[in-house]
Structure formats: C-alpha cells, structure tokens
Amino acid sequence: MKYAEVIGDPISHSKSPLIHGFWLKALGLDGEYCATHVTPEGLADYFATRAADPDWLGCNITIPHKETALAFVEDRGGVKQSIGAINLAFRSEGALVGTNTDAAGFYAPISGLDLAGQPVVVIGAGGAARAILFALSRVGVGRVTLLNRNPLKGAALLASFGLKGDALKLDAPLPPAALLVNATSLGMAGQPPLDLDLSPLPDDAVVYDIVYAPLETGLLKAARARDLDTVDGLEMLIGQAALAFELLFGAEPPRERDDELRALLTS
Ligand code: ATR
C-alpha cells in the first residue's frame, strides 16, 4: 500500500498521523500515514532506503531535521535561500522534491486581511518565525517589531528577509500593530507563559498564536478579553498539513470537515 509518514526525533508527540489519517479515511483513499523515529545519524540511511521503496510517497519532516534534510532533496523552489528549512519531501516526476508548507499554512487563515504596509509584531526568532516572516515579507507588511529572548538573532532575521523594523527584548512595550503573532513555544503546556500587555494594540488588531496545546493560550485569552480577533495554533497546524496532503496523496483534503478534525485533535 502507498504510504507517507512524518519523521523526527522525538516523534511520538506528532499530530500529523491523526490529521492525515482522518483525511485518508474521510476520502476513502487507499493509503497510510505513520510516524517514524529517525535520528540525525540515521537520516542519510532513511532517505536512501525510502528512495528505493516504490510505495513510499514522501514524508513530513520535523525537529531536528528541517534543515539537514535539504541535503537529500531537490530544492526547486529555492527554499534553502528563503526559509532555510523544509517540512516536506514528496515525489514529483521521478525526483524527491523538498518544500516548506509552514509559510502558506500560517498565512491561509489571515489571507483575508490587508496587511500591505501595516505594522506587525512577531514574537520569536526560531524556525517557525522564519516561515512566518517569509510569508509576511511576501505580502509586503510594514514595520515589523520582532521580540525575542535574544534580540540580535531577531535583528539578523529581519535583515535576512529584507524587513524593516526593530528587534527588541521580550519585555519591550508593544507598538500599535495590525497583527501580532506568537511564533515561540511560550504559553505551551509545560513552558513559561507569554506575558504581554496588549493594550497598545488597536481594536481591530488580530492576535495569532501558533501554540495549540493548550488551544486557548494565555495570549489568546488576553486578546479575547480585549475583544480582538484571534487565530489559534490548530489553524496553522491543519493548514500546513493540508498542503502537504495534496502533494503527497494527490487529493484535496475535505476542509469542510475541519470542525470534526479539530475535535479529534483536542480530545
Ligand atoms: P521552532 O522551530 O518551533 O520555531 P525553535 O527554532 O527552537 O523552534 O525556536 C523557538 C523560539 O522560541 C525561539 O525564538 C526561542 O527564543 P531564542 O531565539 O532566544 O532561543 C523561543 N523560546 C523558547 N523557549 C523560550 C523561553 N523559555 N523564553 C524565551 N523564549 C523562548
């Protein structure tokens, strides 16, 4: 049977098998999606073995392989130079192609906003922040205030995406902004909270948290208390998976059943 999988180290926490399994079943497709533990030392062997397996459709790639996996794929979209990390390898016309669906998955739920020239705030400067800043740079946002534990890392990131703005420490006061995104793990169960004073944000600002466990983070609670529009972390998780599903299995996932999928992911 044709199959795809998600690889990482560790991997048991991954929600990807639940998401892709839900869509495969919903569409009645003959295929499987599993989680496979692959260590950094085992990565080269993994790709060599799978390349010889005609049933393998490709894999999602998660921590810590998102950058190193670039060495085993064709980078047709120039992802190495832009986001610098891939989250998907899929077969296309006899080649194994690498791509990154995080940026588009992040952007899909806010694609209705007119962010051109608008000031935005991004918290974080890790891998997720890279995909998010890439997406924001493509829509031509205005000044970006990037808050991070290490502001130097934030400044380097802004420069690498050609974004104008300021890189500041996490406790810096927020500027007014049309969109605020948490791209760190702060607020996730077991992690310290993200304590921000949202009062400088205008009433029509949107607050987007990529953390999905818990789904209602302290940040989203604070945003709702101010009556701001919010986007939760399952949106990006499901969005990046939807694009990957199409590239792996060649079928559009049934997004009209997102409510059921969200219930499954939070049960
Ligand atoms: P991901 O791929 O999920 O983005 P990552 O690349 O490890 O993961 O990035 C995690 C982000 O969360 C980083 O911005 C990190 O801050 P640093 O760049 O200063 O390392 C931030 N982060 C994680 N734990 C944190 C903590 N306890 N306090 C402040 N920032 C934290």
Side-chain angles (χ1 to χ4, degrees), residues 6-16 19 35 38 40 43 59-70 79-80 82-89 98-107 120-137 144-161 163 165-174 179-197 207-215 217-220 222 231-241 244:
V6 56
I7 62 162
D9 178 24
I11 198 60
S12 57
H13 66 284
S14 174
K15 300 266 191 207
S16 293
I19 300 174
V38 177
L43 194 62
C59 60
N60 276 112
I61 297 153
T62 189
I63 288 172
H65 306 311
K66 286 188 168 191
E67 286 160 39
T68 45
L70 270 160
V79 177
K80 188 172 185 171
S82 56
I83 304 175
I86 54 172
N87 72 335
L88 178 70
T99 191
N100 190 314
T101 67
D102 284 334
F106 158 76
Y107 184 63
V120 301
V121 175
V122 175
I123 327 285
R130 290 191 71 90
I132 288 164
L133 289 167
F134 173 73
L136 294 176
S137 70
V144 178
T145 302
L146 194 153
L147 306 187
N148 199 48
R149 182 164 55 179
N150 175 356
L152 281 181
K153 196 169 155 192
L157 212 52
L158 286 182
S160 77
F161 288 107
L163 290 163
D166 306 288
L168 306 168
K169 288 186 18 175
L170 280 171
D171 58 0
L174 296 179
L179 171 73
L180 178 144
V181 186
N182 174 33
T184 70
S185 47
L186 294 172
M188 189 188 287
Q191 298 289 318
L194 177 61
D195 282 323
L196 297 175
D197 172 12
V207 174
Y208 192 148
D209 200 336
I210 69 161
V211 170
Y212 56 80
L215 195 55
T217 59
L219 174 66
L220 293 188
V231 183
D232 68 44
L234 281 186
E235 297 271 352
M236 179 168 168
L237 184 75
I238 296 172
Q240 62 76 28

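Order of appearance sets the numbers: ligands from 1, and atoms from 1 within every ligand.
A distance-only check finds a donor-acceptor pair linking the side chain of Tyr208 to the backbone of Phe106 [under 3.5 Å]. The backbone N or O of Gly233 lies less than 3.5 Å from no partner atom in the side chain of Asp209, so there is not a single donor-acceptor pair.
Looking only at side-chain heavy atoms (C-beta outward), Thr145 and Leu174 stay at 4.5 Å or farther from each other.
Of the residues listed (Asn100, Asn87, Asp102), the one engaging Lys66 in a side chain to side chain donor-acceptor pair (under 3.5 Å) is Asp102, and it is the only one.
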side-chain contact (heavy atoms from CB on, under 4.5 Å) for Leu146 and Asn148? Distances and angles first, verdict last. CA-CA 6 Å; Leu146 194 153; Asn148 199 48; 3.9 Å; yes
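The residues lining ligand 1, counting any heavy atom closer than 4.0 Å, are Gly124, Ala125, Gly126, Gly127, Ala128, Asn148, Arg149, Asn150, Lys153, Leu170, Thr184, Ser185, Leu186, Pro192.
In terms of heavy-atom proximity, Ala35 sits nearest to Ile11 at CB-CG1, 4.0 Å.
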